[in-house]
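Written below as structure tokens is the structure these notes are about.
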Amino acid sequence: MMCLSFLGTACAEPGSLTPGDASTVPVIDDAGLPLAQRVKLGAFTYGGVWQGLEPVLDLEASLGQRLDIVHWFTNWRNEAYPEMITAVASAGRRAMISWQPHTVPVRDIADGYWDDYIRRWAVDLKGTGVPVYVRPFPEMNGDWVPWNGDPATFRRAWRRIVAIFDFEGADNVMWVFSPNVTDSPSTESNRMELYYPGDDVVDVLALDGYNWGTTRPWTAWRPFESVFASGYDRITRLGDQPVWFAELSSSPEGGDKAAWVEAMLNSTSFARLQAIVWFDEHKEADWRMVADPVVADAFREGLLRAELASQ
């Protein structure tokens, strides 16, 4: 398989990731370059590493390049499964895990009832010896998740989790704070800023944003930069950490998805952006990267142009 880096550099060799380089994702120091030349590319693939690496490898083969970041979701109560992390890292990729307490009250986490469980996670992730990005409670400012609505308790829970990891010496774990691009409900008491637990416990500032197109009666087609502009301005005021778009995609309904992808790859906005992580699933819409051959070509051609431009 041809292996092109999203930065236009050679792919990492297996085993080349070490905890010492985990604090940031290296980027070219030129914010004026198109995103395709200066950020890392990742994806959540349906089934993901829960079914082995085959879904990841299939997507990589279709794109003609190895993913820099492999994303998956796990529910609270699940163990960490460190073997999945090491499998991902063995080819030079990095793992990002979204950790979601769908059936556990955030207050119980904040009050210490889950400390032993958190400690097992810390020990397991430390034992991998590779950088791991953990994204607790994503989209906390959206009323579609049960951990929405109590920012003070949210912050206490987050800080308790990080304190336990720190106590166990799991310094290879990077913490990703990832609100939705807009608050829902859009009230002063639910602003993403209120959920922010502090600079000392957040390594990456992230955003989730989607172009829903016309998939719903109340949605409309939105260009890539329009989806993220306001949220980016807000989240970059929280701290100096690197920024990721931890979930993004475009529906094909209501516009030209291939053109949307091309505009994303060519964008010179978002100077602090270091990674984009595509949500690759046919769910509420067909969010996938390569299901449509025209969209797949937009990805492949954009990445190849970035590779050639960097030489």
Ignoring hydrogens and geometry beyond distance, is a side-chain donor-acceptor pair present between [X] and [Y] at under 3.5 Å?
X: Asn78; Y: Tyr81; value: no
X: Thr236; Y: Arg272; value: no
X: Asn141; Y: Asp183; value: yes
X: Ser269; Y: Glu225; value: yes
X: Asn190; Y: Tyr195; value: yes

Please tell me if the side chains of [X] and [Y] come closer than 4.5 Å, counting only heavy atoms from C-beta onward.
X: Tyr232; Y: Val181; result: no
X: Trp76; Y: Thr103; result: no
X: Phe270; Y: Val39; result: no
X: Phe137; Y: Trp99; result: no
X: Asp58; Y: Val290; result: no
X: Leu35; Y: Leu265; result: no
X: Leu59; Y: Leu67; result: yes
X: Ile69; Y: Arg93; result: no

Audit row: Trp175, Val173, side-chain contact (heavy atoms from CB on, under 4.5 Å) steps and yes/no: CA-CA 7 Å; Trp175 300 100; Val173 175; 3.7 Å; yes
I'd like to know if [X] and [Y] make a salt bridge, using a cut-off of under 4.0 Å between side-chain N and carboxylate O.
X: Arg135; Y: Glu247; answer: yes
X: Arg191; Y: Glu193; answer: yes
X: Asp200; Y: Arg159; answer: yes

Distance-minimising heavy-atom pair for [X] and [Y]:
X: Pro252; Y: Asp286; answer: CD-O, 3.5 Å
X: Trp221; Y: Ser250; answer: CH2-OG, 3.6 Å
X: Pro55; Y: Thr45; answer: CB-OG1, 3.8 Å
X: Ser62; Y: Arg300; answer: O-NH1, 2.8 Å
X: Val202; Y: Pro197; answer: CG2-CG, 3.7 Å
X: Ala110; Y: Ala157; answer: CB-N, 3.7 Å

Roughly how far, to the nearest 0.5 Å, is the [atom2] atom of [Y] from the [atom1] atom of [X]?
X: Tyr196; Y: Leu205; atom1: OH; atom2: CG; answer: 5.0 Å
X: Arg120; Y: Ile164; atom1: CZ; atom2: CD1; answer: 11.5 Å
X: Glu284; Y: Ser249; atom1: CD; atom2: OG; answer: 10.0 Å

Check against ring-ring contact (aromatic ring centres under 6.0 Å, His included), Phe154 and Trp147 = CA-CA 7 Å; Phe154 176 96; Trp147 46 92; 8.7 Å; no
Backbone N/O of [Y] and side chain of [X]: donor-acceptor pair under 3.5 Å:
X: Asp208; Y: Glu139; result: no
X: Thr219; Y: Arg216; result: yes
X: Lys126; Y: Glu168; result: yes
X: Arg237; Y: Asp233; result: yes
X: Asn172; Y: Leu125; result: yes
X: Ser267; Y: Met264; result: no
X: Trp158; Y: Val201; result: yes
X: Arg155; Y: Leu194; result: yes
X: Asp124; Y: Pro82; result: no
X: Arg66; Y: Ala91; result: yes

- Message: If you count heavy atoms of other groups shown closer than 6.0 angstrom to CZ of Phe73, is the number above 12?
- Response: yes
Any chance you could lay out the side-chain contact (heavy atoms from CB on, under 4.5 Å) test for Phe165 and Val162, step after step, and finish with the verdict?
CA-CA 5 Å; Phe165 273 69; Val162 175; 5.5 Å; no
message: Please determine whether side-chain contact (heavy atoms from CB on, under 4.5 Å) holds for the pair Val56 and Trp72, giving the CA-CA distance in whole Å, both sets of side-chain angles, and the decisive distance to 0.1 Å.
response: CA-CA 11 Å; Val56 174; Trp72 66 91; over 6 Å; no
Would [X] end up clustered with [Y] when hydrophobic side chains under 4.5 Å apart are linked, directly or stepwise?
X: Tyr210; Y: Phe224; result: no
X: Trp244; Y: Met174; result: yes
X: Phe279; Y: Trp260; result: no
X: Met84; Y: Tyr117; result: yes
X: Val261; Y: Leu207; result: yes

* Asked: Between Trp278 and Phe245, is a ring-ring contact (aromatic ring centres under 6.0 Å, His included) present by the stated rule, with each step listed?
  -> CA-CA 8 Å; Trp278 194 269; Phe245 293 165; over 10 Å; no
Verdict with reasoning, Asp292 to Lys257, per salt bridge (Lys or Arg N to Asp or Glu O under 4.0 Å): CA-CA 9 Å; Asp292 181 327; Lys257 182 174 177 177; over 6 Å; no
* Before giving the answer on side-chain contact (heavy atoms from CB on, under 4.5 Å), spell out for Trp121 and Ile97 the whole-Å C-alpha distance, their side-chain angles and the decisive distance to 0.1 Å. => CA-CA 12 Å; Trp121 263 69; Ile97 306 170; 4.0 Å; yes
Using a 4.5 Å side-chain heavy-atom cut-off and chaining through intermediate ILVMFWY residues, the residues clustered with Val294 come out as none
Please walk me through it: do Arg156 and Asp111 pass salt bridge (Lys or Arg N to Asp or Glu O under 4.0 Å)? CA-CA 8 Å; Arg156 279 203 304 123; Asp111 289 345; 3.1 Å; yes
